[in-house]
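Below: one structure, written as structure tokens.
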Amino acid sequence: MELIKQPWPWYVAAPLIGLIVPALLLLGNKTFGISGTLRQVCAACIPANISFFKYDWKKESWNLFFAVGIIIGGFIATYLLSNSGQVNINPHTTALLQQEGVKDFSGLLPQDIFSFSQLFTLRGFIFIVVGGFLVGFGTRYAGGCTSGHAIMGISSLQWPSLVATCCFMIGGFVMTWFILPYLLQL
Amino acid sequence: MKNIKFLVVGMLFGIILVKSEVISWFRIQEMFRLQAFHMYGIIGSAIVVGIISIQLIKRFQLKTIHGEQIVVPDKIFHWGNVYGGLIFGLGWAITGACPGPLFAEIGSGFWVIIVTLLSAIAGTWTYGLLREKLPH
């Protein structure tokens with residue numbers, strides 16, 4: 001039990017994540033992917049006569065169950081299976097982030113950026129709202145996210161997914177190296 | 001309730017995402033700053049396990065538990081893979097979370113991420129609205 005409560009190293013987590021791919025296929029021909037859930041919510045709640053959201057979303061409702069499962073899993077892992085504590089990241093990263101203006105390193109997310117009290121500051125708004133918008137817009141435009149393209153797509157040897165994944169990384173590098181330092185100092 | 005099994009798989013996925021700290025904004029920072037192997041190890045090895053699994057499914061022509069043929073639909077390239085991919089990458093580095101971790105963060109008690117998720121849904125909706133005008 002103590003071992004489970006520690007953070008899991010990458011070589012434990014990775015095969016488990018990889019096995020979700022065959023698990024979903026074997027359980028009902030489902031291809032692993034999360035961002036499709038966002039489209040499902042649009043189709044179910046706010047279709048607004050947009051053709052992209054006019055389809056039988058109930059037929060694909062498995063992914064809503066999958067998403068709710070992730071929320072429950074997050075709850076279980078955090079409240080029952082964890083010794084809470086700070087993430088043991090590279091001290092160089094910590095030093096850089098401190099230099100750029102991050103103050104809180106006590107949990108999984110920096111509370112001095114991601115909290116309701118920050119939501120109505122310019123910096124908080126960009127990190128919490130604008131960031132989310134780019135994730136939702138970009139993943140749908142790209143046709144998938146880290147799970148759908150990087151893991152599921154490349155696992156089934158589809159080159160468009162490799163292209164998309166490279167673009168995810170390029171976008172992330174550009175943001176982290178050239179834009180984020182300015183955003184953090186807002 | 002035929003969908004309960006997907007809820008269970010989702011739960012396992014959520015637990016793994018939290019326990020391996022994939023949902024941590026700091027881990028994503030480390031990854032994009034090339035200062036740790038952690039995230040590369042996770043994504044890279046998950047892909048290797050995925051490739052082997054799919055090859056085995058094909059090789060032995062495994063069927064689903066309901067006896068259906070397993071099919072993985074082909075992804076067809078369009079320029080959205082590039083433009084959308086770049087936009088998602090920009091967002092990923094800001095939020096420190098792709099869609100899966102957003103859900104897991106909410107379960108972990110980071111309530112403000114509900115706002116991020118709603119904003120991501122708004123982003124998807126906006127894409128749907130503009131889709132015909134965007135280059136693909």
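First the proteins, then the strands, lettered A, B, ... as listed; each starts at 1.
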For [X] and [Y], which heavy atoms make the closest approach, and how far apart are they?
| X | Y | answer |
| --- | --- | --- |
| A:Met169 | B:Trp92 | SD-CZ3, 4.0 Å |
| A:Gly153 | B:Lys75 | CA-CE, 4.2 Å |
| B:Asn81 | A:His149 | ND2-NE2, 3.8 Å |
| B:Glu132 | A:Ser51 | OE2-OG, 3.5 Å |
| A:Leu109 | B:Glu105 | CD1-OE2, 3.6 Å |
| B:Val9 | A:Leu27 | CG2-CD1, 3.6 Å |

Does any backbone or side-chain atom of [X] lie under 4.5 Å from a heavy atom of chain A? Answer side chain, backbone, both or neither.
| X | result |
| --- | --- |
| B:Ile57 | side chain |
| B:Trp79 | neither |
| B:Ile76 | backbone |
| B:Phe26 | both |
| B:Ile70 | both |
| B:Pro73 | both |
| B:Arg33 | both |

Heavy-atom contact with chain B under 4.5 Å, split by part of [X]:
| X | value |
| --- | --- |
| A:Ile50 | side chain |
| A:Trp177 | side chain |
| A:Tyr11 | neither |

Subject >> A:Leu157 side chain reached by B:Gln55 side chain, heavy atoms, under 4.5 Å >> reply: yes
Subject >> Residue pair B:Glu30 / A:Val87, side-chain heavy-atom distance below 4.5 Å >> reply: no
Find the one option among [options] whose heavy-atom pairs under 4.5 Å with chain A are most numerous.
| options | result |
| --- | --- |
| B:Lys5, B:Met39, B:His66 | B:Lys5 |
| B:Ser45, B:Gly85, B:Gly91 | B:Gly85 |
| B:Gly44, B:Ala97, B:Ala104 | B:Ala104 |
| B:Leu34, B:Thr95, B:Leu17, B:Ile106 | B:Thr95 |
| B:Ile4, B:Val18, B:Leu117 | B:Val18 |
| B:Ser20, B:Ser53, B:Gly41, B:Ser108 | B:Ser108 |

Original post:
Any idea which of A:Phe168, A:Phe75, A:Phe127 has the most non-hydrogen atom pairs under 4.5 angstrom with chain B?
Top reply: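 Option with the top pair count is A:Phe168.
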Subject >> Contact leader toward chain B among A:Gly171, A:Pro160, A:Ser155, A:Gly138, where contacts are heavy-atom pairs under 4.5 Å >> reply: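 Answer, by heavy-atom pair count under 4.5 Å with chain B: A:Ser155.
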State whether the side chain of [X] and the backbone N or O of [Y] hold a donor-acceptor pair below 3.5 Å, judged by distance alone.
| X | Y | value |
| --- | --- | --- |
| B:Lys19 | A:Thr78 | no |
| B:Trp125 | A:Ile46 | yes |
| A:Asn29 | B:Gln69 | yes |
| B:Thr124 | A:Gly136 | yes |
| B:Lys2 | A:Gly28 | no |

To the closest 0.5 Å, what do you measure between [atom1] ([X]) and [atom2] ([Y])?
| X | Y | atom1 | atom2 | result |
| --- | --- | --- | --- | --- |
| B:Leu118 | A:Leu38 | CG | CG | 10.5 Å |
| B:Ile54 | A:Leu25 | CD1 | CG | 6.0 Å |
| B:Phe32 | A:Met175 | CZ | CE | 10.0 Å |
| A:Leu24 | B:Thr64 | CG | OG1 | 12.5 Å |
| B:Asn3 | A:Asn63 | CG | CG | 9.0 Å |
| A:Arg140 | B:Leu134 | CZ | CG | 13.0 Å |

Original post:
Stepwise, does the ring-ring contact (aromatic ring centres under 6.0 Å, His included) test hold for A:Trp159 with B:Phe77?
Top reply: CA-CA 8 Å; A:Trp159 68 268; B:Phe77 176 80; 5.1 Å; yes
Original post:
Should the pair B:Phe37 and A:Trp10 be assigned to parallel (<30°), tilted (30 to 60°) or perpendicular (>60°) ring geometry?
Top reply: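 Rings of B:Phe37 and A:Trp10: perpendicular, as their planes differ by over 60°.
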Original post:
Between A:Tyr141 and B:His136, is a side-chain contact (heavy atoms from CB on, under 4.5 Å) present by the stated rule, with each step listed?
Top reply: CA-CA 8 Å; A:Tyr141 195 176; B:His136 279 87; 3.7 Å; yes
**OP:** Please assess B:Trp25 against A:Leu108 for the test side-chain contact (heavy atoms from CB on, under 4.5 Å), listing each intermediate value before the final yes or no.
**Re:** CA-CA 6 Å; B:Trp25 185 83; A:Leu108 290 166; over 6 Å; no
Original post:
In terms of heavy-atom contacts, does CG of A:Asp104 have more than 12 from other residues, nucleotides or ligands at under 6.0 Å?
Top reply: yes
Original post:
Are there more than 12 heavy atoms of other residues, nucleotides or ligands under 6.0 Å from atom CD of B:Glu68?
Top reply: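 It does: B:Glu68 CD has more than 12 such atoms within range.
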**OP:** Go through the steps to decide whether B:Tyr127 and A:Thr139 satisfy the test side-chain contact (heavy atoms from CB on, under 4.5 Å), and finish with yes or no.
**Re:** CA-CA 10 Å; B:Tyr127 168 73; A:Thr139 51; over 6 Å; no
**OP:** Evaluate the criterion side-chain contact (heavy atoms from CB on, under 4.5 Å) for residue pair A:Cys42 and B:Ile121; output intermediate values, then yes/no.
**Re:** CA-CA 7 Å; A:Cys42 291; B:Ile121 292 169; 3.8 Å; yes
Original post:
Taking A:Thr93 as the fixed residue, which of B:Arg27, B:Gln29, B:Gln35 is the one that meets the side-chain hydrogen bond (donor to acceptor under 3.5 Å, both in side chains) rule?
Top reply: B:Gln35
